[in-house]
There are 4 protein chains.
Amino acid sequence: MNERSATTLIPETARGSEAAILNAALEAFGEKGFYGASMRDVARGAKTSLSNLYNYFPAKSDLLAALLRMANDELLNRIQEAVGAAGKRPADRMSAAVRAHVRFVVEHQVASLVALSEIRYLTGAVRKRVVAARDSTQGIYEELVAEGAAAGDFLTPYPDDAARNIVSMVSAISTWYRAGGRLNAEELGGQHARYALALLEAPLD
Amino acid sequence: MNERSATTLIPETARGSEAAILNAALEAFGEKGFYGASMRDVARGAKTSLSNLYNYFPAKSDLLAALLRMANDELLNRIQEAVGAAGKRPADRMSAAVRAHVRFVVEHQVASLVALSEIRYLTGAVRKRVVAARDSTQGIYEELVAEGAAAGDFLTPYPDDAARNIVSMVSAISTWYRAGGRLNAEELGGQHARYALALLEAPLD
Amino acid sequence: MNERSATTLIPETARGSEAAILNAALEAFGEKGFYGASMRDVARGAKTSLSNLYNYFPAKSDLLAALLRMANDELLNRIQEAVGAAGKRPADRMSAAVRAHVRFVVEHQVASLVALSEIRYLTGAVRKRVVAARDSTQGIYEELVAEGAAAGDFLTPYPDDAARNIVSMVSAISTWYRAGGRLNAEELGGQHARYALALLEAPLD
Amino acid sequence: MNERSATTLIPETARGSEAAILNAALEAFGEKGFYGASMRDVARGAKTSLSNLYNYFPAKSDLLAALLRMANDELLNRIQEAVGAAGKRPADRMSAAVRAHVRFVVEHQVASLVALSEIRYLTGAVRKRVVAARDSTQGIYEELVAEGAAAGDFLTPYPDDAARNIVSMVSAISTWYRAGGRLNAEELGGQHARYALALLEAPLD
DNA sequence: CATGAATGAGAATTCATTCAT
DNA sequence: GATGAATGAATTCTCATTCAT
């Protein structure tokens, strides 16, 4: 429960109770959904008092927003890093993005699931910010697709909506993935990279 | 809101109040989510009393289950019909399935959205039945993929997980589609059929 | 469920549905208590519609009242008959009363239990009538005690409250009796008759 | 209503609100019965909010169970003390038990009434514990009867069921006792002690 | 007599949030 | 920061009862 990968979701600025609260919230929202989980559940999971939660997050939705923002930041970072480290060829860059994305979803499955399914419960300004962050992730894919299309590497007649569909596929992994399945994270990344490139009608080498 | 296509979601056996309740529930769950919508909301929408709701559906989750069952039945029927009417070539059959599926999602966007995002709030036997129904839809795709792979028409090295990814893409349409967008329903169907066949690495004619 | 002893609780004037309703109510109140049982339970048990109940009994409490009145009438009759058939000696008359009373409680255990524990849920005029009926049963015992005391057959220094205590003991049988126990109905009657006479300090012959 | 005897029902551990809630519940259940009284009634009586009730007792039945447990504990203590302080003669010990029991019923009439009539509304594990506690009180009487029978002091041919009947009599006091009646608590205790010994056929000295 | 549909009032319970300390 | 106690508003669900037919 407490062990997270080196590149953790909860940033180092979140110390002590705050980190515990965020982790507990992640777990609770993952298990029961945003509405299904109560602040009491979160407090219990964080081993602090119900009222102390409100010292850190003045509203339940702020907790969700914080979680979603962190998840997206981390995802964005990872994809950007991966793309940056990849070569110049659009297919390679796309492949790197998908592999990094899949790895994130598998490593942070709960956070990914929450991000996928609980955004709808945010409203107002908070929602806007979170949606924008999510869209910026999709934006990377759109750029990658545009690059490849411009370069003549992706032949699909529908480059405009392809990015969204790739993101849909990869995000959906969070809804069904179980550790110990037929494919491990690495293989799953390779598989989805191939699906993505095929969808984009990128000719095989 | 009350206008539904010829092939409607609410079956003819649901008369008067029951149909009104189901429609109101669909609208409410679509707008606020299963938890976010209250039985009062549904009653108000159906123009009946809160208590009368319970004469038709003894629990809120039964309402959701009824909705999901209907949506899935209709979807299943449409896909099966479309596949039946298609020719023998696997690519054509897959294409027909996707087109019918997309048309359903667009025509019953709210129901599709609810089916995609609210299943998680069902539990127990009710959940089991609904999940089984959903899986049987995916089963059709799996068969189609297997046929095409066996026939050498789909060259993807990963036929086993392709069906799931196609379903993910098409289902996700319910989360972003807005009437009056760049593509109409028909074009969207064509687009996604092509995405699907590309993903399956079906050679163009 | 439908078999009742020759001397049944439900009078012959109650035909068809009415008798079914009364029996269903008795069963329901016995099992779940007056508040715990719903009119729906009663309707279901009587195999009639909820609304039809109200053609016979305009309120739930009327159902209870009818039941209690019948139970008490039958009990009263039986005790009076038994006492009338007994000889002249106060001890014999008391003994006969107790034996008849015990027999009634055993034969109509549920009705007796309901009469003992649900009277409190009646109010107003209905309650008054039922309480008066119950008291008239106790009145018989009081007369019997007074007779015996006057005749010098009951030596207890507290004849005034003895009747109530005898009734308490016998009524309480309904709370614990189970068919097939150590003693059968007849023996239980003999036992309680002896308890009663001992309590009254009636010298053994 | 708020005045309780030195040996009170509500234990010292119950501070402030909790004691107020318990007392209010006792009053409400006594007046309207477990089903007839609502949690709102209790909250009103305890001068706290409805929701705050649930901070102390997570379910209505827990409130009832707490009440019954306390009443029985106190009763048990009192009887045990009284028996312990009595001499060795079985008749004296029985007499002491009955007197203490009667005193308790009179002093805590409402609690006794509730204990007598509302146990049936408990279910599951909670019920089991409360029933066991109640039975342990009756167990004391059974021992006392057995002692006296073995010593040849109680001549009744039915010692086995005598204890239950004595308890029935004494418990029933809660259903009819009114302060200011013909006999005061002390006299009532003496009377019932005599009834009990007579019932056991204990020869007068 | 009998029914199916409907309803208003109220029940227990939950929960996000606040406040005094 | 941290806590325990408290609360108001809402939620799901139940139920006696009524009404049109």
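As the structure is a prediction and not an experimental result, all values here were calculated from the model. In what follows, every heavy atom counts, from backbone to side chain, and hydrogens, waters and symmetry copies are set aside. Letters go in sequence order (proteins before strands), and every chain restarts at 1.
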Round to a whole Å and report the spacing from [atom1] of [X] to [atom2] of [N].
X     : N      : atom1 : atom2 : answer
B:K47 : E:dT7  : NZ    : C1'   : 18 Å
D:D41 : E:dA12 : CG    : C1'   : 13 Å
D:L63 : E:dT13 : CG    : P     : 10 Å
A:Y56 : F:dA2  : OH    : C1'   : 8 Å
B:K60 : F:dT14 : NZ    : P     : 15 Å
D:R40 : E:dA9  : CZ    : C1'   : 11 Å
B:N52 : F:dC19 : CG    : C1'   : 13 Å
D:F57 : E:dA12 : CZ    : P     : 15 Å

Touch class at under 4.0 angstrom, heavy-atom based, for C:A37 against every strand present: sugar-phosphate
Sugar-phosphate only, base, or nothing, as touched by C:S38 at under 4.0 Å among non-hydrogen atoms: sugar-phosphate
Stepwise salt bridge (charged side-chain N to carboxylate O under 4.0 Å, His left out) check, C:E74 with C:R69: CA-CA 9 Å; C:E74 171 69 9; C:R69 192 152 8 93; over 6 Å; no
Residue mapping more 5' on DNA chain F - nearest nucleotide basis, C:Y54 or B:Y54: B:Y54
Closest-nucleotide ordering on DNA chain F, the 5'-leading residue of C:A59 and D:L50: D:L50
hbond_proxy A:N55 side chain to F:dA2 base (donor-acceptor, 3.5 Å cutoff): yes
Any N/O donor-acceptor pair, D:S51 side-chain to F:dG8 base, under 3.5 Å: yes
Contact nearer the 5' end of DNA chain E, comparing C:T48 with D:M39: C:T48
5'-most by nearest nucleotide on DNA chain E - D:Y35 or B:S49: B:S49
Aromatic ring pairing A:F34/A:F29, orientation class (parallel under 30°, perpendicular over 60°, tilted between): perpendicular
Salt bridge present between D:R120 and C:E118 (N-O < 4.0 angstrom): yes
Any donor-acceptor N/O pair, B:N23 side chain to B:A19 backbone, under 3.5 Å: yes
Backbone of C:A133 reached by a side-chain donor or acceptor of C:N72 within 3.5 Å: yes
Phosphate contact (F:dA2 OP1 or OP2) by A:S17 side-chain N/O below 4.0 Å: yes
Watson-Crick/G-U partner (both atom distances under 3.5 Å) of F:dA20: E:dT3
